[in-house]
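See below for the structure under consideration.
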Number of protein chains: 2
Amino acid sequence: MGRRGSGTPTLTDVAALAGVSPATASKALNGRDEVAPATRAKVLEAAEKLAFRPNALARSLVSGNTSTIGLLTSDSGGRFSIPVLLGAENALGDNQISVLLADARGDAIRERHYVRTLLAQQVAGLIVVGESSNRRPSIGRDVPVPVVYAYAESTDPQDLSFLPDDRGGAKMALEHLYSLGRRKIAHITGPVDYRATVERVNGLNEFLDDVGLPLAGREVRYGEWSQRWGRHAAEFVLNDDPDVDAIFCGSDQVAAGVTETLAARGVRVPDDIALVGFDNWEIFSTETSPPLTTVDMNLQRLGAIASQHLFAAIGGEQATGIRHLPCRLVIRDSSGGR
Amino acid sequence: MGRRGSGTPTLTDVAALAGVSPATASKALNGRDEVAPATRAKVLEAAEKLAFRPNALARSLVSGNTSTIGLLTSDSGGRFSIPVLLGAENALGDNQISVLLADARGDAIRERHYVRTLLAQQVAGLIVVGESSNRRPSIGRDVPVPVVYAYAESTDPQDLSFLPDDRGGAKMALEHLYSLGRRKIAHITGPVDYRATVERVNGLNEFLDDVGLPLAGREVRYGEWSQRWGRHAAEFVLNDDPDVDAIFCGSDQVAAGVTETLAARGVRVPDDIALVGFDNWEIFSTETSPPLTTVDMNLQRLGAIASQHLFAAIGGEQATGIRHLPCRLVIRDSSGGR
DNA sequence: TTGTATGCGTTATCAC
DNA sequence: GTGATAACGCATACAA
């Protein structure tokens with residue numbers, strides 16, 4: 001009889017109903033070919049009838065590997081981890097892989113705790129997602145399963161990290177503005193201690209150097225990731241440099257604030273000033289008036305690629321280093337580019 | 001020797017190092033009292049030395065119950081499931097419970113698939129989170145583990161569902177406005193086919209009836225959950241009823257749009273018009289100018305309570321029906337209430 | 001107090 | 001082609 005007489009049916013139940021041994025039933029259900037077609041049919045029928053589902057725990061215990069991976073995150077809002085998770089689930093496909101989620105909330109102690117818990121659950125691998133894409137401590141080399149960092153950069157070069165190519169993304173935005181004839185481009189962005197901020201500014205500077213253009217708006221405006229900052233910074237830029245004909249923002253949230261100030265001052269977008277954001281965070285980018293041209297970091301794709309590499313690593317193909325994945329320009333009305 | 005000679009240490013390894021049998025080691029580690037203090041010390045020391053972590057799979061296989069629960073969600077953005085998840089993790093505390101997350105993306109087929117997968121993983125219970133708080137099909141009575149619905153209402157009254165008390169939340173908002181002397185209150189909200197929309201309107205109507213006040217702004221303005229709609233609807237309201245002195249919005253996102261229109265038309269908030277939102281979605285509620293007074297649905301608390309009930313159910317204390325959990329008014333500047 | 005034996009549900013090995 | 005048997009890592013009933 002099966003578990004506790006009345007519970008979920010077990011392989012033994014199926015075998016009994018089919019009139020074969022558990023071993024044979026196992027082979028039949030797992031599609032091994034050392035089993036007679038007639039027998040297989042009987043077993044499958046019995047399994048169907050009992051709505052049999054193999055106990056993944058028992059299976060993992062004997063096989064030594066789970067079909068579960070751990071996702072260790074720190075961004076409590078799920079702003080980055082959810083897209084990464086969705087991308088991972090996509091890549092997993094019907095592989096019957098499950099994701100154990102643990103949110104360490106940026107606390108190193110809690111993070112260590114969760115790593116141990118996830119390992120106790122015998123996860124086959126770990127994906128670490130950052131609360132920002134900044135460099136962050138490695139969870140260590142003594143972890144007995146493969147680890148990849150997605151939207152996070154491990155300080156240990158022996159780890160494998162996946163980051164969006166913010167620098168390239170910024171260049172895409174600027175090329176777009178440049179191609180539309182804009183020559184007085186200002187930049188309003190977030191805190192200077194974000195890798196994303198710095199990389200986007202690097203892309204900006206490289207582009208301006210390449211085409212021989214000065215930065216407009218007097219200087220790069222560093223602030224916070226908030227609409228509030230966008231509103232204020234737009235005032236500064238307009239006051240200091242009324243000729244500005246384009247503003248490239250370090251995030252859509254900032255761009256949303258900029259939009260408000262421009263509207264309040266009667267500046268037309270994109271006619272007077274073209275606007276480009278970053279993130280393609282749709283609750284902002286599709287909701288401003290006009291909707292934002294913006295740079296999408298392809299986080300879902302990043303999650304998919306990271307998990308593919310994780311599986312490769314689980315399969316023995318270890319890799320190391322930092323991979324920058326391309327961004328994508330999403331053109332809407334705020335730049336006048338279509 | 002343990003797994004594959006060199007892998008993760010097992011209980012047997014610990015026992016060997018401590019010079020006792022695996023059974024004794026097990027008892028010592030699990031805090032059973034039929035073991036001599038000296039022996040326990042030896043075992044603990046050995047476990048420490050080997051960094052031993054019990055294999056949760058094996059433990060579950062023998063005990064028959066896992067320390068894992070499944071979280072089945074449909075809101076791809078994580079807008080509701082993440083707070084619920086955090087609340088659940090809080091309630092779990094150090095119980096070493098893990099959460100297996102599956103995102104069905106609103107697809108019933110995928111949902112069934114994930115339920116089966118989660119069950120195959122032997123989850124001890126299931127939390128179902130909706131993409132909205134609307135009524136949704138039950139995942140069925142044939143699920144062999146307890147299920148609770150959080151921010152979702154199962155169509156089956158035998159299920160246990162937890163919902164925010166939107167009606168009560170709306171009343172809190174209105175009482176607040178009323179107590180501040182506002183008497184011409186309009187309502188701008190989302191689609192009429194959302195339970196949340198309807199319940200908030202119900203609360204509105206009940207309140208207005210109670211105090212004998214007519215609705216201002218001509219009628220309830222139903223639309224979408226978007227800033228865009230908020231901007232337009234505010235125009236309608238102001239045009240139809242210029243005397244309005246308060247606008248209660250069905251969401252912060254809508255309120256953010258309303259704010260923009262009010263600013264554009266030179267209407268002062270809260271002096272001319274007081275504004276109250278709903279959701280306390282902080283990227284909106286703390287970022288508008290002025291910041292929004294709004295109703296918080298306490299989703300994290302809802303998640304905590306739902307998971308507590310789930311554990312009770314796992315422990316045998318089944319419950320059924322629908323529980324409405326109170327909202328909380330968060331007072332900021334947009335209502336002039338502080 | 002400690003150790004031996006057994007079983008959880010499944011798969012793999014190896015006889016038959 | 002099929003079925004005993006052992007093993008995965010752990011916990012427990014029971015014997016010592």
Side-chain angles (χ1 to χ4, degrees), chain A residues 1-43 46-47 50-67 96 119-122 124 144, chain B residues 1-43 46-47 50-67 96 119-122 124 144:
Chain A
M1 117 213 67
R3 192 166 21 188
R4 271 157 285 135
S6 68
T8 317
T10 72
L11 183 62
T12 310
D13 299 322
V14 175
L17 182 58
V20 300
S21 77
T24 304
S26 173
K27 290 168 194 159
L29 288 169
N30 290 320
R32 319 254 317 219
D33 46 357
E34 323 109 300
V35 48
T39 315
R40 162 161 297 136
K42 276 194 304 184
V43 172
L50 296 176
F52 169 74
R53 301 245 84 201
N55 183 325
L57 268 48
R59 178 176 279 184
S60 299
L61 188 58
V62 47
S63 75
N65 48 50
T66 10
S67 55
Q96 303 283 57
L119 290 175
Q121 304 282 345
Q122 311 300 118
Chain B
M1 120 213 65
R3 191 166 22 189
R4 271 157 285 136
S6 67
T8 319
T10 74
L11 183 62
T12 310
D13 298 323
V14 175
L17 182 58
V20 300
S21 78
T24 302
S26 172
K27 291 168 195 160
L29 289 169
N30 290 320
R32 318 253 318 214
D33 46 357
E34 324 107 298
V35 49
T39 317
R40 162 161 298 133
K42 274 192 306 183
V43 172
L50 297 176
F52 169 73
R53 299 246 81 200
N55 182 325
L57 269 47
R59 178 176 277 183
S60 299
L61 189 59
V62 45
S63 74
N65 49 50
T66 8
S67 56
Q96 303 283 57
L119 290 176
Q121 304 281 346
Q122 311 301 115

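Predicted model only: the values in this text are computed from it and were never measured. Proteins get letters first, then strands, A, B, ... in listed order; numbering begins at 1 in each.
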Quiz item: Would you say Arg32(B) reaches dA11(D)'s phosphate, i.e. side-chain N/O to OP1/OP2 under 4.0 Å?
Solution: no
Quiz item: Does a nitrogen or oxygen in the side chain of Asn30(B) sit under 4.0 Å from OP1 or OP2 of dA11(D)?
Solution: yes
Quiz prompt | Phosphate OP1/OP2 of dT2(C) contacted by Thr39(B) side-chain N/O (<4.0 Å) | solution = yes
Quiz prompt | Contact under 4.0 Å: Ser26(B) side-chain N or O vs dA11(D) OP1/OP2 | solution = yes
Practice problem: Starting from P on dT2(C), measure out to NZ on Lys42(B) and report it in whole angstrom. | Solution: 7 Å
Exercise. Look at all strands and tell whether Ala36(A) reaches a base, only sugar-phosphate, or nothing, counting heavy atoms closer than 4.0 Å.
Key: sugar-phosphate
Quiz item: What does the inter-axis angle of the helix from dG3(C)-dC14(D) to dC16(C)-dG1(D) come out as, five pairs per end, nearest 10 degrees?
Solution: 50°
Exercise. Taking all heavy atoms of Val43(A) and all of Val14(A), pick out the closest pair and write down the distance.
Key: O-CG1, 3.8 Å
Quiz item: Of all of residues 14-21 of chain A, which get a heavy atom below 4.0 angstrom from DNA chain C, listed by number?
Solution: none
Self-check item: Closest to side chain of Val62(B), choosing from dA11(D), dT2(D), dT2(C)
Solution: dA11(D)
Practice problem: Take Ala25(B) and Pro22(A), find for each the nucleotide of DNA chain C with the closest heavy atom, and name the residue whose nucleotide sits nearer the 5' end. | Solution: Ala25(B)
Practice problem: Take the protein atom CG of Leu61(B) and the nucleotide atom P of dT6(C), then report the distance between them rounded to whole Å. | Solution: 18 Å
